[in-house]
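Everything below concerns the one structure shown next.
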Amino acid sequence: MSVLNQKTINENITFSGVGLHTGLNVSLTIKPAEPNFGIIFKRIDLSSNNIIIPNIFNVSSAVFCTTISNQSGVKVSTIEHLMGALYGLGIDNALIEMDNQEVPILDGS
């Protein structure tokens, strides 16, 4: 992918809410990233093995929501709406930091 065609966000975006399936509170921050970084999730509530890359090979479940996990079994779930929003906005590069397992549902859109 050409560096000239890649996009990220201008500044950090932080929001929080409740996970639809877990019922747990979570804070999420989307951070700008350099070209060719991609979209990467980081569980900041964990000190190691906390990076999860959303790709077809890391989908561990698609029952009720999309869950991705890394080789250590660390998971992030209900990523489909956030990933769809990033895709719709043309965002190619971002670091998504979360302090729990599930993306907050917000209003569900």
Side-chain angles (χ1 to χ4, degrees):
M1 177 181 292
S2 170
V3 173
L4 297 176
N5 295 328
Q6 294 184 39
K7 292 183 187 177
T8 190
I9 57 175
N10 192 33
E11 58 188 41
N12 290 356
I13 301 167
T14 300
F15 54 93
S16 59
V18 176
L20 175 66
H21 302 288
T22 62
L24 299 172
N25 291 321
V26 60
S27 290
L28 184 147
T29 300
I30 305 170
K31 296 184 171 189
E34 297 297 316
N36 298 319
F37 184 84
I39 305 291
I40 295 180
F41 286 87
K42 181 178 183 181
R43 292 274 305 274
I44 61 171
D45 58 320
L46 304 173
S47 59
S48 62
N49 301 315
N50 58 354
I51 301 295
I52 307 105
I53 299 170
N55 64 37
I56 189 70
F57 304 108
N58 289 342
V59 174
S60 55
S61 177
V63 177
F64 298 116
C65 68
T66 303
T67 301
I68 56 173
S69 59
N70 63 19
Q71 292 179 342
S72 299
V74 174
K75 298 178 182 181
V76 175
S77 60
T78 319
I79 66 166
E80 57 273 10
H81 291 211
L82 177 57
M83 293 297 292
L86 293 172
Y87 178 80
L89 293 169
I91 303 298
D92 303 296
N93 302 294
L95 174 62
I96 302 167
E97 294 184 341
M98 300 172 52
D99 67 0
N100 214 322
Q101 172 181 325
E102 187 174 17
V103 173
I105 194 63
L106 303 175
D107 70 352
S109 64

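In terms of heavy atoms, M83 sits closest to I39 at SD-CG2, 3.9 Å. Scanning all heavy atoms of the two residues, the minimum distance from I68 to S60 falls at C-OG, 4.0 Å. Taking each heavy atom of F15 and P104 in turn, the nearest pair found is CE1-CG, 3.7 Å. Of all the heavy atoms in V63 and S61, the pair that sits closest is N-OG, 3.3 Å. Nearest heavy-atom pair, K75 versus S69, reported as atom, atom and distance to 0.1 Å: CG-CB, 3.8 Å.
For the atom pair D92 CG and K7 NZ, the distance stands at 8.0 Å (nearest 0.5 Å). If you take CG on D45 and CD on E97, they are separated by 11.0 Å, rounding to the nearest 0.5 Å. Separating the OG1 atom in T66 from the CD atom in E80 is a distance of 4.0 Å, to the nearest 0.5 Å.
Following chains of ILVMFWY side-chain contacts shorter than 4.5 Å, one cannot reach I44 starting from I40, and the two form parts of different hydrophobic clusters. Note on I91 and I53: separate hydrophobic clusters, where clusters join Ile, Leu, Val, Met, Phe, Trp and Tyr whose side-chain heavy atoms are under 4.5 Å apart, directly or indirectly. Hydrophobic clustering (ILVMFWY, side-chain heavy atoms < 4.5 Å, transitive): L106 and M98 are in one cluster. A single hydrophobic cluster is seen to contain both V59 and V103, as judged by linkage of ILVMFWY side chains at heavy-atom distances under 4.5 Å, directly or through other members. Note on L82: it clusters hydrophobically with I13, by side-chain heavy-atom contacts below 4.5 Å among ILVMFWY residues.
Between L95 and K42 there is a side-chain heavy-atom pair separated by less than 4.5 Å. Put simply, the side chain of I79 reaches to within 4.5 Å of the side chain of P54, judged on heavy atoms. In this structure the side chain of N25 never reaches within 4.5 angstrom of the side chain of N100, judged on heavy atoms.
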(request) Please step through side-chain contact (heavy atoms from CB on, under 4.5 Å) for the pair I96 and L28, ending with a clear verdict. (result) CA-CA 7 Å; I96 302 167; L28 184 147; 3.8 Å; yes

(request) Start with the C-alpha distance between Q6 and N36, add both sets of side-chain angles, then the distance that settles side-chain hydrogen bond (donor to acceptor under 3.5 Å, both in side chains), and finish with yes or no. (result) CA-CA 8 Å; Q6 294 184 39; N36 298 319; 2.8 Å; yes

(message) Would F41 and N58 count as a side-chain contact (heavy atoms from CB on, under 4.5 Å) here? Give the steps.
(response) CA-CA 12 Å; F41 286 87; N58 289 342; over 6 Å; no

(request) Start with the C-alpha gap between I52 and R43, add the side-chain angles, then the distance that decides, and say whether side-chain contact (heavy atoms from CB on, under 4.5 Å) holds. (result) CA-CA 8 Å; I52 307 105; R43 292 274 305 274; 3.8 Å; yes

(request) Take S77 and H21 through the test side-chain contact (heavy atoms from CB on, under 4.5 Å) and record every step on the way to the result. (result) CA-CA 9 Å; S77 60; H21 302 288; 5.9 Å; no

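With N49 contributing its side chain and V74 its backbone, the two residues share no donor-acceptor pair below 3.5 Å. Put simply, the side chain of N93 never gets that close to the backbone of A33: no donor and acceptor are under 3.5 Å apart.
A side chain to side chain contact (heavy atoms under 4.5 Å, CB included) with I30 is found for one member of T14, T8, I9 and no other, namely I9.
With sequence neighbours excluded, no residue forms a salt bridge (charged side-chain N to carboxylate O under 4.0 Å, His left out) with D99.
Other residues, nucleotides and ligands contribute only 12 or fewer heavy atoms inside 6.0 Å of the CG atom of N10.
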